[in-house]
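For reference, the structure discussed in these notes is given below.
Side-chain atoms are counted along with the backbone in the values below, which use heavy atoms only and exclude waters and symmetry mates. Below, chains carry the letters A, B, ... as their sequence lines are ordered, and counting in each starts from 1.
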Protein chains: 2
Amino acid sequence: MLSHKAKYALKALLYLAEQDENHISRTVEIAEGANIPKKFLEQILLDLKRGRFVSSKQGKFGGYYLIKSKNEITLAEIHRLFDGAIALLPCASLNFYEPCSDCKTESECSLHHGLVLIRDKTLKAMEGITIASLVKK
Amino acid sequence: MLSHKAKYALKALLYLAEQDENHISRTVEIAEGANIPKKFLEQILLDLKRGRFVSSKQGKFGGYYLIKSKNEITLAEIHRLFDGAIALLPCASLNFYEPCSDCKTESECSLHHGLVLIRDKTLKAMEGITIASLVKK
DNA sequence: GTAAATTCTATAGATTTACTAGGGATTAGA
DNA sequence: TCTAATCCCTAGTAAATCTATAGAATTTAC
């Protein structure tokens, strides 16, 4: 399941993607438009900025805007930024790999192999969902 | 990501699936064989029993054994039993559906649609992974 | 200088996770 | 019938995580 943070991030990105080119959106505007708690959204937008999905203009008349094409922002990326690994266990993860401490036996290898299959399919599916694909309902 | 509970459940089921027909496995035997904390495993086995994946024999020389074919126990079922919904949000879930309180707008519908696509693909993938498919490494 | 906005740090409350503890109930066999 | 072995059940607990909220610092336009 997605965390609220990831869900809010997607909704915020959708909101930004629906605005006119060159429009700068204030946090409060996004918060009201997408129904997200404002102070929580502040943190999320900063995370999105650190992840290079959006950029900001500070000060009066400042706000946020997309810097990555809505065709190139995928669900997979947002999941990784806010909720971490897409794989079901760290030992099956590409970007968050860790060996499993309790997996030394035969059954471990088997589990691992199945989870890598799942990861591949889920990842491919998630990479197919972009902000653009969501906007054009 | 899978919880430890779900991971341990899978490992315990794998252990049981690898035993001879009619063999009854004690909790401590599974715990040592699959490297799972024993008292934690007790709870997990009870959950698996309530879920009708295993049954037990009580008293001296008791233990656990599979009652569902290892070809019919899927990762999807174990995920649902221990970790709940497979979908990324409750509003996209088949078995754990709940409407999203904050989703009243256009962007909600869009998000929903994409997440249903993901759910369908992930579910199909998870239903393809059975205990039997994991045993025969 | 002032107002409006982002940015940063801290923190609080609730929930969940991953166990652990301790005993009760059941059964087999001596 | 006693005893040991085993499953069964309920609590509790420490740590982490999640979901925010608070407040002040910084930046910018005018």
Give the minimum heavy-atom separation between A/Phe82 and A/Ala9, together with the two atoms involved. CE1-CB, 3.4 Å
For C/dT7, take OP1 and OP2 only and decide whether either is under 4.0 Å from a side-chain N or O of A/Ser56. yes
Mind checking ring pair (Phe, Tyr, Trp, His ring centres under 6.0 Å) for B/Tyr8 and listing every partner two or more places apart, or none if nothing turns up? B/His4, B/Phe40
Does anything in residues 111-134 of chain B pair up under salt bridge (Lys or Arg N to Asp or Glu O under 4.0 Å), and if so which pairs, sequence neighbours excluded? none
Which letters describe nucleotides 16-24 of chain D, given B = protein heavy atom under 4.0 Å from base, S = only from sugar-phosphate, - = neither? ---SBBBB-
Taking OP1 and OP2 of C/dT7, is either one under 4.0 Å from a side-chain nitrogen or oxygen of A/Lys49? yes
Five-pair end axes of the helix from C/dG1-D/dC30 to C/dA30-D/dT1 and the angle they enclose, rounded to 10°: 10°
Looking only at heavy atoms, the pair that brings B/Ser93 and B/Ala85 closest together is OG-CB, 3.7 Å
Taken to the nearest whole Å, CD1/B/Ile44 to C1'/C/dT20 is 13 Å
So which heavy atom on B/Ile129 is nearest to which on A/Gly114, and how close? CD1-O, 3.8 Å
Partner residues of B/Ser56 under the side chain to side chain donor-acceptor pair (under 3.5 Å) criterion, sequence neighbours left out: B/Lys49
Cluster partners of A/Ile67, using ILVMFWY side-chain heavy atoms under 4.5 angstrom, listed by chain and number? A/Ile24, A/Tyr65
Looking only at heavy atoms, the pair that brings B/Gly33 and B/Tyr15 closest together is CA-CE1, 3.9 Å
Whole-Å distance between C/dT9 P and A/Asp47 CG? 13 Å
Please produce a list of atom pairs where a protein N or O lies less than 3.5 Å from an N or O of nucleotides 26-28 of chain D.
from, atom 1, to, atom 2, distance (Å)
D/dT28, O2, A/Lys60, N, 3.2

Check whether any side-chain nitrogen or oxygen of A/Arg50 sits under 4.0 Å from OP1 or OP2 of C/dT6, and answer yes or no. no
I need the minimum non-hydrogen distance between A/Ile131 and A/Ala17, along with the two atoms involved. CG2-CB, 3.6 Å
Quick one: side chain to side chain contact (heavy atoms under 4.5 Å, CB included) partners of B/Ala92, sequence neighbours excluded? B/Ala87, B/Leu115, B/Val116
Got a sec? Which of residues 62-69 of chain B come in under 4.0 Å of DNA chain D, heavy atoms? B/Gly62, B/Gly63, B/Tyr64
Can you sort out the partners of B/Thr27 under side chain to side chain contact (heavy atoms under 4.5 Å, CB included), two or more places apart, ordered by chain and number? B/Lys38, B/Leu41, B/Glu42, B/Leu45, B/Tyr64
Pairwise side-chain hydrogen bond (donor to acceptor under 3.5 Å, both in side chains) hits with a residue in residues 75-90 of chain A, at least two apart: A/Ser3-A/Asp83, A/Lys68-A/Glu77
Running the 4.5 Å side-chain criterion over Ile, Leu, Val, Met, Phe, Trp and Tyr, what cluster does B/Met1 land in, apart from itself? none
